[in-house]
Amino acid sequence: MIDRSTDPAPIPPSSQWDDLWHQFAAHRGALVGAILFAIIVLTVFMGPYFWTLDPSYIDIRARNAGPTFAHPFGTDQLGRDTFARMMAGGRVSLSVGIAAMVLGLVIGAAVGVTAGYFRRLDGILMRLTDLFLALPLLPLLLVMVMLFREPLSANFGPEAGIFILIVAAIGLTSWMPTARIVRGDVLALKEREFMLAARSIGTSNVQMILRHILPNVLSPIMVSATLGIANAIITESALSFLGLGFPPDFPTWGRLLFDATDYIQQNPERVIWPGVAISLTVLSVNYLGDGLRDALDPRIRGR
């Protein structure tokens, strides 16, 4: 008889999630980006529990101070702690980015799936997408802010009204790339054998979309989600920098950058902090999106 007691134990097969994680972890930039983005999110949302200074507390005697132990990032022109305002501004900027990304993603995925699956609607929806792509986005955003800022502020309050306006404006002008990407994947999926088999047994259109289309287009949707956060943060910062975002006493990274430009020679670090925060957040999210694309796309997985 053959003694198999010394044979090595069989290696259990790896799951799909294990394969995705190994592929994602192999992308060094994506791994560093994910860690950096997690640090930023934890800092801005959990930091106030440890750094308890009120971001709106005014101390005129400490105005325009440089970095000290009491104020690591210095103070602004009213003596408010810049580090506390950076965390408060990060919460607003990230909340705007995530909310606008969700809105743009829902619209883009709906338009892309509808255009790719229903041939009779493809031409209409794609021409609508081309129309939005042809519009100058920044002037359109400025017009939307000027038209709806006062009504929304009157109905929901200055902060909530501007938040709804900024999220809606960014989401309604950023869904087009997602729609084009999803439409292309849906057109390819429609000709696959499992789709033809499902159609041959009488599967309804709603079931086809929910059971077969959406699960197979999650990869481009998730990549678009990460890139959409970066785009929304940059757009919100640009609007705040132009003075068309949130009220002056409501900090965002773009607003802090706008307020610091008048003191760039006296306190240049006040411009550096929000600029570095915006750059690191956008860079980390972009690398995170690259890693998700490489891990989720089977055509390039393992390269």
Side-chain angles (χ1 to χ4, degrees), residues 40 43-45 47-48 51-97 100 136-150 152-153 157-167 169-170 229-284:
I40 293 172
T43 300
V44 300
F45 283 101
W51 191 260
T52 57
L53 286 180
D54 187 354
S56 61
Y57 175 72
I58 297 176
D59 184 5
I60 296 297
R61 294 174 298 178
R63 66 182 185 274
N64 293 325
T68 61
F69 286 106
H71 306 285
F73 286 7
T75 59
D76 64 3
Q77 68 276 11
L78 297 177
R80 296 172 294 191
D81 183 70
T82 302
F83 185 49
R85 291 179 65 78
M86 282 288 297
M87 290 189 290
R91 291 194 296 274
V92 177
S93 295
L94 288 176
S95 298
V96 169
L137 294 185
L138 186 57
L140 179 61
L141 287 171
L142 297 179
V143 170
M144 293 176 67
V145 171
M146 296 301 294
L147 288 178
F148 301 106
R149 183 171 186 168
E150 294 300 329
L152 288 175
S153 297
E159 291 84 6
I162 296 300
F163 182 86
I164 294 173
L165 174 59
I166 297 297
V167 168
I170 297 175
I229 295 176
N231 178 67
I233 291 175
I234 291 178
T235 305
E236 183 278 323
S237 300
L239 290 175
S240 296
F241 184 78
L242 294 174
L244 296 173
F246 289 90
D249 57 342
F250 198 73
T252 67
W253 285 339
R255 188 74 205 189
L256 293 176
L257 192 62
F258 173 76
D259 292 339
T261 53
D262 294 334
Y263 303 90
I264 189 171
Q265 294 184 345
Q266 181 181 358
N267 300 100
E269 68 276 1
R270 286 181 55 189
V271 178
I272 294 175
W273 302 132
V276 168
I278 295 171
S279 300
L280 288 180
T281 302
V282 172
L283 188 64
S284 64

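Between the OG atom in S95 and the CZ atom in F45 there is a gap of 4.0 Å [rounded to 0.5 Å]. Distance check, rounded to the nearest 0.5 Å: CD1 of I166 to CE of M144 gives 9.0 Å. Rounding to the nearest 0.5 Å gives a distance of 11.5 Å between OG1 of T261 and CG of L256. To the nearest 0.5 Å, the span separating OG1 on T281 from CD1 on I234 amounts to 10.0 Å. One distance of note links OG1 of T235 with CG of L141; it measures 6.5 Å at 0.5 Å rounding. Expressed to the nearest 0.5 Å, how far CG of L142 lies from CG of L239 amounts to 6.5 Å.
The minimum heavy-atom distance linking G97 with I233 is given by the pair CA-CG1, 4.2 Å. Shown here for T43 and M87, the closest heavy-atom pair between the two residues is O-SD, 3.5 Å.
Panel note: side chain R63, backbone I60; a donor-acceptor pair is recorded below 3.5 Å. Using a distance-only test at 3.5 Å, with no hydrogens or angles considered, no donor-acceptor pair links the side chain of N267 to the main chain of E269.
Proximity of T75 to D59: side-chain heavy atoms (C-beta onward) are nowhere separated by under 4.5 Å. Between E236 and S93, some side-chain heavy-atom pair lies under the 4.5 Å cut-off. E159 places none of its side-chain heavy atoms less than 4.5 Å from the side chain of V92. Counting only heavy atoms from C-beta outward, the side chains of D54 and D81 never approach each other to under 4.5 Å. Taking the side chain as every heavy atom from C-beta outward, I162 and L152 never approach each other to under 4.5 Å.
For F73, the ring pair (Phe, Tyr, Trp, His ring centres under 6.0 Å) partners at least two apart in sequence or on another chain are F83, W273. In this structure R270 satisfies the salt bridge (Lys or Arg N to Asp or Glu O under 4.0 Å) test with no other residue, sequence neighbours excluded. Here D262 pairs with nothing under the salt bridge (Lys or Arg N to Asp or Glu O under 4.0 Å) rule; sequence neighbours left out. Listed by chain and residue number, D76 satisfy the salt bridge (Lys or Arg N to Asp or Glu O under 4.0 Å) test with R80 (two or more places apart in sequence, or in another chain).
Pairs of residues two or more places apart, or lying in two chains, never qualify as side chain to side chain donor-acceptor pair (under 3.5 Å) while including a residue from residues 82-91. Judged as a salt bridge (Lys or Arg N to Asp or Glu O under 4.0 Å), not a single pair has a partner in residues 65-74 (not counting sequence neighbours).
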